[in-house]
Participant: 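Below is one structure. I have some questions about it.
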2 protein chains.
Amino acid sequence: MAMPLYQAKAEFFRMLGHPVRIRVLELLGEGPKQVRDLLADTGVEASSLSQQLAVLRRAGIVTSTREGTAVTYALAGPDVADLMLAARRILTEMLAGQAELLDELRETTRETDTAATRT
Amino acid sequence: MAMPLYQAKAEFFRMLGHPVRIRVLELLGEGPKQVRDLLADTGVEASSLSQQLAVLRRAGIVTSTREGTAVTYALAGPDVADLMLAARRILTEMLAGQAELLDELRETTRETDTAATRT
DNA sequence: TGAGGAATTGAAGAAGTCTTCAATCAGAGG
DNA sequence: CCTCTGATTGAAGACTTCTTCAATTCCTCA
């Protein structure tokens with residue numbers, strides 16, 4: 001097993017690095033959902049969604065249960081919901097921070113417009 | 001600009017999804033570091049490290065300043081350090097959770113060893 | 001000015017990930 | 001049993017990302 005922690009982390013983040021997977025995790029944050037609902041809410045093609053759900057399942061971050069012909073997905077644990085919250089908070093902060101940075105940049109570049117192509 | 005938030009998030013996580021980048025961010029969490037130090041601490045090849053640093057720079061999550069012949073990198077803001085802390089905490093929790101799951105699984109599978117190839 | 005070290009860049013091939021299509025599985029109901 | 005619907009799987013091709021090598025930039029010091 002002996003895998004360095006930073007590699008586990010990298011894999012974990014890579015696992016999160018897809019729009020559909022993020023959306024699904026956020027939707028599941030509201031509570032368990034059937035595949036039909038995820039399909040409707042995300043608007044992606046069925047097989048494409050299934051592929052991404054499989055990725056999440058393999059990562060052990062969601063669970064699926066079948067009830068008759070319908071399959072319900074849920075977050076595997078409370079940690080995952082925490083993670084999604086943390087991610088949202090941090091991302092929003094960071095994007096806000098970047099917006100400010102952009103503003104600053106735009107102001108300061110006026111004087112150096114001609115001189116600096118390198119930033 | 002109008003990019004959906006979940007896509008921004010996905011890109012952000014994808015940006016984090018590489019062992020060397022994670023390591024660098026964690027090292028920079030301790031404070032600014034020169035490239036020479038990052039090279040020594042990570043043990044990767046110079047040009048490979050540079051490539052990953054470039055990714056982090058493009059994402060605006062680290063900054064670089066040149067002092068003579070040496071280049072120093074630092075986290076672009078306190079949010080990033082927060083993120084790394086959150087990530088460590090969550091990841092450790094999740095891995096712990098998975099270890100427990102694994103234990104449970106091992107116990108419960110004893111009875112069903114022969115029957116179940118599917119998990 | 002030129003030799004030399006530190007860091008970055010560019011580009012090519014290998015390796016991995018996404019999307020899509022057809023095929024398959026699992027249950028419900030005629 | 002057959003077929004229909006919901007969901008999943010497998011596989012091929014397009015597309016990204018990684019690694020590595022050579023080339024380049026930027027600075028220092030003689």
Side-chain angles (χ1 to χ4, degrees), chain A residues 4 6-25 27-28 32-59 61-74 115-119, chain B residues 4 6-25 27-28 32-59 61-74 115-119:
Chain A
Y6 53 83
Q7 186 165 344
K9 277 188 207 174
E11 271 175 34
F12 185 72
F13 284 129
R14 195 148 15 94
M15 187 271 285
L16 293 177
H18 189 288
V20 170
R21 296 198 289 264
I22 292 281
R23 287 224 71 198
V24 166
L25 289 178
L27 287 167
L28 293 185
K33 293 238 182 317
Q34 298 195 340
V35 172
R36 60 161 69 262
D37 299 331
L38 295 175
L39 265 176
D41 291 350
T42 60
V44 308
E45 211 201 332
S47 88
S48 193
L49 177 62
S50 237
Q51 300 272 9
Q52 305 309 331
L53 288 175
V55 172
L56 296 176
R57 248 185 297 123
R58 266 181 249 122
I61 178 173
V62 303
T63 60
S64 69
T65 56
R66 176 158 224 137
E67 295 147 21
T69 183
V71 176
T72 303
Y73 277 81
T117 310
R118 61 195 140 150
T119 307
Chain B
Y6 52 82
Q7 187 165 345
K9 276 187 207 173
E11 271 176 35
F12 185 72
F13 284 129
R14 196 151 11 97
M15 187 272 285
L16 292 177
H18 190 289
V20 169
R21 297 198 287 265
I22 292 281
R23 286 222 72 197
V24 166
L25 289 179
L27 288 167
L28 293 184
K33 294 236 181 319
Q34 298 196 339
V35 172
R36 62 163 68 260
D37 298 331
L38 295 176
L39 265 176
D41 290 349
T42 61
V44 308
E45 211 201 331
S47 89
S48 192
L49 178 62
S50 239
Q51 300 272 9
Q52 305 309 330
L53 288 175
V55 172
L56 296 176
R57 248 186 297 123
R58 266 181 248 124
I61 179 174
V62 303
T63 60
S64 68
T65 55
R66 176 159 225 137
E67 296 147 20
T69 184
V71 176
T72 301
Y73 277 82
T117 310
R118 59 192 143 154
T119 305

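Just so it is clear: chains get the letters A, B, ... in the order the sequence lines come, proteins before strands, and each one is counted from 1. Quick note: numbers below take in every heavy atom, side chains included, and nothing from hydrogens, waters or symmetry partners.
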Participant: Rounding to a whole Å, what distance do you find between A:Gln34:CD and D:dG6:C1'?
Facilitator: 10 Å

Participant: Starting at atom CZ of B:Arg58, determine the distance to atom P of C:dG10, rounded to an integer number of angstrom.
Facilitator: 9 Å

Participant: In whole angstrom, what separates B:Leu49's CG from C:dT8's P?
Facilitator: 7 Å

Participant: Start with the C-alpha gap between B:Leu27 and B:Thr42, add the side-chain angles, then the distance that decides, and say whether side-chain contact (heavy atoms from CB on, under 4.5 Å) holds.
Facilitator: CA-CA 9 Å; B:Leu27 288 167; B:Thr42 61; 4.0 Å; yes

Participant: Using atom CD of B:Glu11 as one end and atom C1' of C:dC18 as the other, report the distance to the nearest whole Å.
Facilitator: 15 Å

Participant: Return whichever of B:Arg21 or A:Thr69 has its heavy-atom-nearest nucleotide of DNA chain D closer to the 5' end.
Facilitator: A:Thr69

Participant: Grab the two heavy atoms, one from A:Val44 and one from A:Leu39, that are nearest each other, plus how far apart they are.
Facilitator: O-CD2, 3.3 Å

Participant: In whole Å, what is the span from the CG atom of A:Leu53 to the P atom of C:dC18?
Facilitator: 13 Å

Participant: Measure the angle between the two terminal helix axes of the helix from C:dT1-D:dA30 to C:dG30-D:dC1, five base pairs each, and quote it to 10°.
Facilitator: 10°

Participant: Is the phosphate of D:dT17, meaning OP1 or OP2, less than 4.0 Å from a side-chain N or O of B:Arg14?
Facilitator: yes

Participant: Check the distance between C:dA26's P and A:Arg36's CZ and give it to me in whole angstrom.
Facilitator: 20 Å

Participant: Can you see which heavy atom on A:Leu25 is nearest to which on A:Leu16, and at what distance?
Facilitator: CD1-CD2, 3.5 Å

Participant: Using the side-chain contact (heavy atoms from CB on, under 4.5 Å) rule, take B:Glu67 and B:Gln34 through it: C-alpha gap first, then chi angles, then the decisive distance, then the call.
Facilitator: CA-CA 10 Å; B:Glu67 296 147 20; B:Gln34 298 196 339; 4.1 Å; yes

Participant: Closest approach of A:Gly17 and B:Arg14, non-hydrogen atoms and distance?
Facilitator: O-NE, 3.3 Å

Participant: Can you tell which of D:dT8, C:dT9, C:dA7 lies closest to the side chain of B:Leu39?
Facilitator: C:dA7

Participant: All N/O contacts under 3.5 Å from nucleotides 21-23 of chain D to the protein, with atom names and distances to one decimal?
Facilitator:
unit_1 : atom_1 : unit_2  : atom_2 : d
D:dC21 : N4     : B:Ser47 : OG     : 2.7

Participant: Using the closest heavy atom to pick a nucleotide of DNA chain C for each, name whichever of A:Arg66 or B:Ala54 lands nearer the 5' end.
Facilitator: B:Ala54

Participant: Give the minimum heavy-atom separation between A:Arg21 and A:Gln52, together with the two atoms involved.
Facilitator: NH1-OE1, 2.6 Å

Participant: Of the candidate nucleotides D:dT19, D:dA7, C:dT9, which contains the atom at the shortest distance from the side chain of B:Gln52?
Facilitator: D:dT19

Participant: Which pair of heavy atoms, one from B:Leu28 and one from B:Tyr73, lies closest together, and at what distance?
Facilitator: CD2-O, 3.5 Å

Participant: Does A:His18 make a side-chain N or O approach to OP1 or OP2 of D:dT16 shorter than 4.0 Å?
Facilitator: no

Participant: Please report the closest heavy-atom contact between A:Arg23 and A:Asp41, naming both atoms and the distance.
Facilitator: NH1-O, 3.2 Å

Participant: Could you give me the CA-CA distance, side-chain angles and deciding distance for A:Val62 and A:Leu53, then say whether side-chain contact (heavy atoms from CB on, under 4.5 Å) is met?
Facilitator: CA-CA 8 Å; A:Val62 303; A:Leu53 288 175; 5.5 Å; no

Participant: Counting just side-chain N and O atoms, does B:Arg57 come under 4.0 Å of either OP1 or OP2 of C:dA7?
Facilitator: no

Participant: Compare the minimum distances between each of C:dC18, C:dT8, D:dT9 and the side chain of B:Tyr73, then state the nucleotide with the smallest one.
Facilitator: C:dT8

